[in-house]
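Counting begins at 1 with the first residue of the sequence.
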Amino acid sequence: MAESRLLRGKCFLLSVCLVLLSLTRTDGLYAPITYVTSGVAKGAVCLDGSPPAYNFDKGYGTGINSWLVQLEGGGWCHNVTSCLARKNTRLGSSKQMGNQLAFSGIMSNRRQFNPDFYNWNRVKVRYCDGSSFTGDVEKFDQATNLHFRGARVWLAVMEELLAKGMRNAENALLSGCSAGGLATIMHCDSFRALLPMGTKVKCLSDAGYFINVKDIAGASHIQAYFSQVVSLHGSAKNLPLSCTRRLRPSLCFFPQNVIQQVRTPVFLLNAAYDYWQIRNILAPADADPHGSWNACKLEISSCSPLQIKTMQAFRMQFLKTLMSKSGNSTSRGLYIDSCYSHCQTEFQATWYMADSPVLGKTKIATAVGGWFYDRRSFAKIDCPYPCNPTCHNTGGSGGMVPVQPNV
């Protein structure tokens, strides 16, 4: 009898656990891939010559005429060698992308995890050109079979989405993470121009505000790197004219030189200690030949006092650049937390969960949704590390974000 009661008790506890697990699961949606084969004839192709692609989940109910277009991130390639390394991966070929893609965070279709955008038409534009959708070189080297056509990929996908119903959008949000966040800033006004005058259009750049500063060795590493990207991909003609009329085209790959001229409302979401920028702009491998920053770059808690001091100085440079260049328009949103992270909209843990990071007692999803719908403006900057206990300081080691190789 006792054993029977114990067994029933265990079964009851197991049932409770299964119910709780089902309530907390966030990975329920896998969106199918669509290949834009019509773009190939126009030269809109990935690095390897394969067609552009996107993943799409159709909106419904009140979101049937609202569109969220998310530009995938994934760094850049700046020379033939680095582009060849990408060519046969999902970042250079739609053949390597798989048939489905998990949608979470801002892409989730569940209201409890994505309260403002869950029932919109949600699109992930896949990134396979290595230039933040800015490149356009007509000729290609038959020996390498590399194509630099990012700007054509952008146009081909937008044309297909317009035909799919986006031309009737009542609301539209262009967003992106990392290289996709930079692309969001570059393409924000052109996205606005594609849609009817009556459409509410805004842009959200997540971890896309890369700054032009010297590394720990005093070298202008990221400036030289972006210059190579722009030159290789022929990006100059596709960067904002408001910038290229004033500055060298390579400098117009930095959002700080573009953002003031963007007329469409933009929300800038960034970690002040963005770990991609710490690893690749502040302390790239070339500037740290002995690897003294390796442990720190993986986990901020492993940083020495001197390294923390250097990162605090980087934060001040980031904020100075941001505040002096981004303007003070009331239409602009700002969420600069003091987390050691990179990309916070695409992951459920940082977008909208019970323990998600907060700034001004506000989660990222709440701030972005309120700003888009004009319920509440939001422009806040966090106090310095380690003041925010809600941060998910993963550094890429927590299984959330794949580590990108140093540029």
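Other residues, nucleotides and ligands contribute at most 12 non-hydrogen atoms within 6.0 Å of the NZ atom of Lys95. More than 12 heavy atoms of other residues, nucleotides or ligands shown are found within 6.0 angstrom of CG on Asp355. No more than 12 heavy-atom neighbours from other residues, nucleotides or ligands sit within 6.0 angstrom of NZ on Lys380. Crowding of Arg375 atom CZ: a count of heavy atoms from other residues, nucleotides or ligands under 6.0 Å exceeding 12.
Shown here for Met107 and Leu29, the closest heavy-atom pair between the two residues is O-CD2, 4.1 Å. Summarising the geometry of Asp116 relative to Gly369, their closest heavy-atom pair is OD2-CA, 3.3 Å, with the distance given to 0.1 Å. Residues Pro265 and Val201 approach most closely at CD-O, 3.8 Å, considering heavy atoms. In terms of heavy atoms, Leu173 sits closest to Phe191 at C-CE2, 4.3 Å.
A salt bridge links Glu138 with Arg152: at least one charged nitrogen is closer than 4.0 Å to a carboxylate oxygen.
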Indicate every side-chain donor-acceptor pair of residues 63-74 with a distance under 3.5 Å to a residue at least two apart or in another chain.
| from | atom 1 | to | atom 2 | distance (Å) |
| --- | --- | --- | --- | --- |
| Ser66 | OG | Asn171 | ND2 | 3.0 |
| Gln70 | OE1 | Ser175 | OG | 2.1 |
| Gln70 | NE2 | Glu346 | OE2 | 2.9 |
| Glu72 | OE1 | Arg126 | NE | 3.0 |
| Glu72 | OE1 | Tyr127 | N | 2.9 |
| Glu72 | OE2 | Arg90 | NH1 | 3.0 |

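In this structure, Ser205 contributes its side chain and Gly181 its backbone to a donor-acceptor pair below 3.5 Å. Within the 3.5 Å criterion, the main-chain N or O of Lys214 finds no donor-acceptor partner in the side chain of Gln317. Side-chain atoms of Tyr335 come within 3.5 Å of backbone N or O of Leu359 as a donor-acceptor pair. Using a distance-only test at 3.5 Å, with no hydrogens or angles considered, no donor-acceptor pair links the side chain of Arg167 to the main chain of Leu195. At least one donor-acceptor pair closer than 3.5 Å links the side chain of Ser356 to the backbone N or O of Ala349. A donor-acceptor pair is defined here as one N or O able to donate and one able to accept, closer than 3.5 Å; no such pair exists between the side chain of Arg86 and the backbone of Gly92. Here the side chain of Asn119 pairs no donor or acceptor atom with the backbone of Gly61 at under 3.5 angstrom. Ser50 contributes a side-chain N or O that, together with a main-chain N or O of Ser94, makes up a donor-acceptor pair within less than 3.5 Å. A distance-only check finds a donor-acceptor pair linking the side chain of Asn55 to the backbone of Ala31 [under 3.5 Å]. Of the possible donor and acceptor atoms, one in the side chain of Lys363 sits under 3.5 Å from a partner among the backbone N and O of Met353.
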Check your understanding: Could you walk me through whether Asp374 and Lys200 pass the side chain to side chain contact (heavy atoms under 4.5 Å, CB included) check?
Key -> CA-CA 11 Å; Asp374 300 315; Lys200 178 192 281 287; 2.5 Å; yes

Review point. Hey, mind stepping through Thr184 and Val266 against side chain to side chain contact (heavy atoms under 4.5 Å, CB included) and telling me if it holds?
Key: CA-CA 9 Å; Thr184 295; Val266 180; over 6 Å; no

Review point. Where do Phe103 and Asn109 land on the side chain to side chain contact (heavy atoms under 4.5 Å, CB included) test, with the steps shown first?
Key: CA-CA 8 Å; Phe103 275 14; Asn109 66 337; over 6 Å; no

**Study point:** side chain to side chain contact (heavy atoms under 4.5 Å, CB included) assessment of Val368 paired with Lys202
**Key:** CA-CA 11 Å; Val368 172; Lys202 297 187 179 184; over 6 Å; no

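For the atom pair CE (Met186) and CZ (Phe133), the distance works out to 13.5 Å, reported to the nearest 0.5 Å. Going from atom NZ of Lys164 over to atom CG of Asn121 covers 9.5 Å, rounded to the nearest 0.5 Å. Atoms OG and CZ, from Ser377 and Arg332 in turn, are 14.0 Å apart once rounded to the nearest 0.5 Å. Rounded to the nearest 0.5 Å, atoms CZ (Phe254) and CG (Leu182) are 9.5 Å apart. Considering NZ of Lys297 and CE of Met311, their distance stands at 11.0 Å, rounded to 0.5 Å. Note that OH of Tyr275 and CD1 of Ile300 are 13.0 Å apart. Values are rounded to the nearest 0.5 Å.
There is a side-chain donor-acceptor pair under 3.5 Å between Trp76 and Ser132. A donor atom on one side chain and an acceptor atom on the other are not found under 3.5 Å apart for Asp48 and Gln96. No hydrogens or angles considered: nothing links the side chains of Ser235 and Asn238 as a donor-acceptor pair under 3.5 Å. A donor-acceptor contact closer than 3.5 angstrom links the side chains of Asp382 and Asn388. For the residue pair Ser341/His392, the side-chain donor-acceptor check at 3.5 Å is not satisfied. With hydrogens and angles left out, the side-chain atoms of Tyr273 and Gln312 include a donor and acceptor closer than 3.5 Å.
Side-chain atoms of Phe226 and Asn212, non-hydrogen and from C-beta on, never get closer than 4.5 Å to each other. Residues Gln223 and Arg248 are in side-chain contact: their nearest non-hydrogen atoms beyond the backbone lie under 4.5 Å apart. Here the side chains of Ser93 and Asn88 are not in contact, with every heavy-atom distance at 4.5 Å or above. Side-chain atoms of Asp206 and Trp351, non-hydrogen and from C-beta on, never get closer than 4.5 Å to each other. Using a 4.5 Å heavy-atom cutoff, the side chains of Leu334 and Leu322 are in contact. Looking at heavy atoms from C-beta onward, Ile211 lies in side-chain contact with Phe314 at the 4.5 angstrom threshold. The side-chain heavy atoms of Leu239 and Thr134, taken from C-beta on, include a pair separated by under 4.5 Å. Under the 4.5 Å side-chain criterion, counting only non-hydrogen atoms from C-beta, Tyr385 is in contact with Asn393.
Sorted by first then second residue, the disulfide bond (SG atoms under 2.5 Å apart) pairs that include residues 124-179, not counting sequence neighbours, are Cys46-Cys128, Cys177-Cys343.
With sequence neighbours excluded, the residues forming a side-chain contact (heavy atoms from CB on, under 4.5 Å) with Tyr118 are Tyr60, Arg111, Asn114, listed by chain and number.
Applying the ring pair (Phe, Tyr, Trp, His ring centres under 6.0 Å) test between Phe267 and each of Trp371, Tyr209, Phe372 identifies Trp371 as the sole match. Of the options His342, Arg279, Arg315, a side chain to side chain donor-acceptor pair (under 3.5 Å) to Asp274 is made by His342 and by none of the others.
By the 30° and 60° cut-offs, the orientation of the rings of His187 relative to Trp154 is parallel. Note: Tyr225 and His221 have parallel aromatic rings, judged against thresholds of 30 and 60 degrees for the angle between ring planes.
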